[in-house]
Amino acid sequence: MVMAASIDYEALRLPATPRPDAETQRHPVVIAGAGPIGLAAAIDLAQNGVDVVLVDDDDRLSTGSRAICFAKRTLEIFDRLGCGEAMVRQGVGWSKGRVFHRDGQIYEFDLLPEQGHRRPAFINLQQYYVEGFLYERAKALPRLDMRWRHRVAGVKIEGEGVTLDIETPEGGYALKARYLVAADGSRSFVRKALGLESHGQTFRDRFLIADVRMEADFPAERWFWFDAPFHPGQSTLLHRQADNVWRIDFQLGWDADPQVERQPERVLPRVRALLGKEAKFELVWASVYTFSCLRMESFRCGPVFFAGDSAHGVSPFGARGANSGVQDAENLAWKLRFVLRGQAPEALLDTYGVEREFAADENIKNSTRSTDFITPKSEISRQFRDATLELARDCGFARQLVNSGRLSKPSVYASSPLNTPDEDAFAGALIPGAPCADAPISRDGRDDWLLSVSGDDFALLAFSPSPSQIEALRAFSSGEIALKIVLIAPKTAGFVCVADDGLAAARFDARPGTTYLLRPDQHVAARWRRFDAAKVDAALRRAVGEAIRC
Amino acid sequence: MLKLDPNIPEPDDFYEALIKAHRGLSAEQSGRVNAKLILLLANQIGDLDILREALAKAREGVEPAGQDATLEIVA
Ligand SMILES: Cc1cc2nc3c(=O)[nH]c(=O)nc-3n(C[C@H](O)[C@H](O)[C@H](O)COP(=O)(O)OP(=O)(O)OC[C@H]3O[C@@H](n4cnc5c(N)ncnc54)[C@H](O)[C@@H]3O)c2cc1C
């Protein structure tokens with residue numbers, strides 16, 4: 001697989017895919033939209049044996065300047081999809097942020113203060129690189145049929161499936177699917193075609209996004225100013241991206257004229273005010289945005305599933321757009337795979353909505369709170385905001401209230417119907433529904449990471465099982481559901497065994513005998529203090545939706 | 001539980017101090033002082049249930065006549 005950063009993914013033109021001859025077969029899954037979410041979902045399905053058709057109306061990857069901050073959990077998902085390493089190599093890793101008010105720093109934070117994680121809290125990488133690396137990976141998968149300049153122009157739900165009208169430069173054709181994933185972005189055609197809506201609020205404010213190329217010695221940190229001397233009365237955000245490109249985000253206020261503000265003669269003085277008169281830089285992109293927080297009421301409509309921006313939208317403070325969308329894709333992909341293979345009831349698919357609508361609410365809540373702080377919506381909320389900032393200089397409590405963006409974290413599906421509630425006492429964060437923590441381990445003497453050992457299927461992690469538990473594990477059959485058993489224990493014939501230097505056990509609050517059941521999306525399904533075949537079997541069935549009554 | 005019965009031993013002294021804190025200030029400056037005061041006191045109380053009760057009590061009987069600068073959208 002070629003994953004050379006030398007390819008200019010921003011400019012790359014993908015050849016229009018010829019219109020197929022009349023198609024008669026019904027595809028298991030069609031995905032509308034090859035943005036980061038559609039690509040991630042398609043790769044996840046295709047690398048796990050599901051035939052997928054991915055159609056996109058365009059012949060280019062992400063245009064312009066959009067997402068840059070990709071979170072640790074997203075990188076772990078990209079690792080599982082086989083393209084995380086290329087992104088991390090190309091991107092700028094960071095975990096620290098600073099918040100300034102006027103000319104002084106009021107606050108700094110570290111999103112990942114502890115060692116022993118494969119991936120940093122965040123990398124900054126232009127969205128076209130992310131899509132480029134996903135695209136390279138997608139190209140290598142024989143089950144993935146990508147079709148460029150194939151636009152979804154009609155959607156009909158018919159019986160147990162969907163029929164799409166596809167338009168291509170050579171004319172139209174009908175495409176049939178058992179399931180449709182609508183990853184066609186915030187203006188989703190599929191959403192409108194089905195008469196569905198997304199509801200929420202728009203903030204009365206405008207933001208100038210300027211990307212500049214320059215050699216500069218700012219550290220790779222997130223810097224956020226309220227009322228900076230160089231941009232008074234408004235906020236400013238600075239981020240370093242790949243290729244010496246820096247993202248500067250200037251708050252402009254509602255009265256700014258978006259057409260005028262994006263002109264270089266308006267943008268350059270603002271940038272110069274921040275960087276200093278002598279700074280040498282080149283403006284590579286400027287655009288003006290207004291942000292909204294909104295979501296569809298239900299992410300499922302029969303055989304159609306909405307994922308990413310088609311389903312929900314947030315303001316970028318917190319980097320929760322693409323990051324949460326990639327988690328949608330991961331959540332949906334394994335469920336579709338299991339149902340298509342007949343290994344799970346249809347009801348499993350409803351839990352996509354349950355879990356990801358909950359996640360969307362959490363993201364919207366956080367994003368709305370940040371935006372309310374940055375863009376106060378009334379005179380009194382401005383007064384409280386300014387009072388908070390002034391107090392933050394010498395009052396620790398006020399620093400906690402300063403909100404320049406609460407950065408993306410994966411949701412914990414604590415009340416998911418797929419979880420088996422704890423019977424035994426555990427400490428720590430890995431409750432049922434939580435995304436599994438990573439930890440350094442070694443395998444056959446080589447350094448590796450726990451998450452890369454767990455794989456794409458259900459996994460059972462058994463910490464130092466006793467000889468009798470090992471025999472019970474050996475005798476255990478998970479039936480038709482693939483289950484990977486991993487012993488965190490010395491080499492034992494017939495098992496995948498890994499060695500832990502203590503971090504895995506600490507993060508899992510593990511004692512000898514502790515057993516975790518992980519879902520294919522690496523969220524914890526259940527855990528016990530000792531392996532019990534009947535309990536694991538019941539938890540596994542529950543995790544594929546067998547306990548859900550329709 | 002939010003206390004509504006007397007809890008300040010020297011009520012007149014408190015009230016005098018409160019008014020004094022605003023002496024000579026414009027409405028806008030007073031607004032800033034009040035905002036800081038509320039934040040400081042809220043931190044001192046440190047109990048979200050009580051704070052919510054106080055917020056509700058303060059809001060009692062006030063019919064909204066203002067407008068927030070957010071727009072409902074449908075897409
Ligand atoms: C300024 C800015 C900064 C941002 N920063 C961040 C950040 O730091 N971190 C973060 O996580 N998120 C960020 N986001 C959000 C992020 O860009 C989006 O959440 C993300 O692109 C959503 O991906 P998607 O695949 O759902 O949709 P999109 O990326 O919009 O992709 C949709 C795809 O569908 C195709 N399509 C549309 N209609 C049709 C049709 N009818 N038929 C076929 N194909 C169709 C489009 O061509 C497109 O390729 C930012 C956004 C902006 C604007």
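Everything quoted here is computed from the prediction, not taken from an experiment.
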Would you find more than 12 non-hydrogen atoms of other residues, nucleotides or ligands less than 6.0 Å from A:Lys192 atom NZ?
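Yes - once you tally the heavy atoms of other residues, nucleotides and ligands closer than 6.0 Å, there are more than 12.
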Heavy-atom distances under 4.5 Å only: say whether [X] touches chain B with side chain, backbone, both or neither.
X	value
A:Ser381	neither
A:Arg191	side chain
A:Ile380	neither

Does a salt bridge link B:Lys57 with B:Glu60, judged by any charged N lying under 4.0 Å from a carboxylate O?
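Yes, charged N to carboxylate O under 4.0 Å.
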Between A:Phe203 and A:Phe317, does the ring centroid distance fall short of 6.0 Å?
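Centroid separation for A:Phe203 and A:Phe317: 6.0 Å or greater.
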How about A:Phe226 and A:Phe373: are their ring centroids closer than 6.0 Å?
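That pair passes the under 6.0 Å test.
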Residue part contacting chain A, namely of B:Leu40, when any heavy atom lies under 4.5 Å
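Its backbone and side chain both get close to chain A.
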With A:Ser292 as reference, evaluate A:Thr368, A:Thr371, A:Thr202 under the side-chain hydrogen bond (donor to acceptor under 3.5 Å, both in side chains) test and give the passing residue.
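Of all the options given, the one that passes is A:Thr202.
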Tell me which of these, A:Met296, A:His199, A:Arg187, has more heavy-atom pairs under 4.5 Å with chain B than the rest.
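The candidate making the most pairs under 4.5 Å is A:His199.
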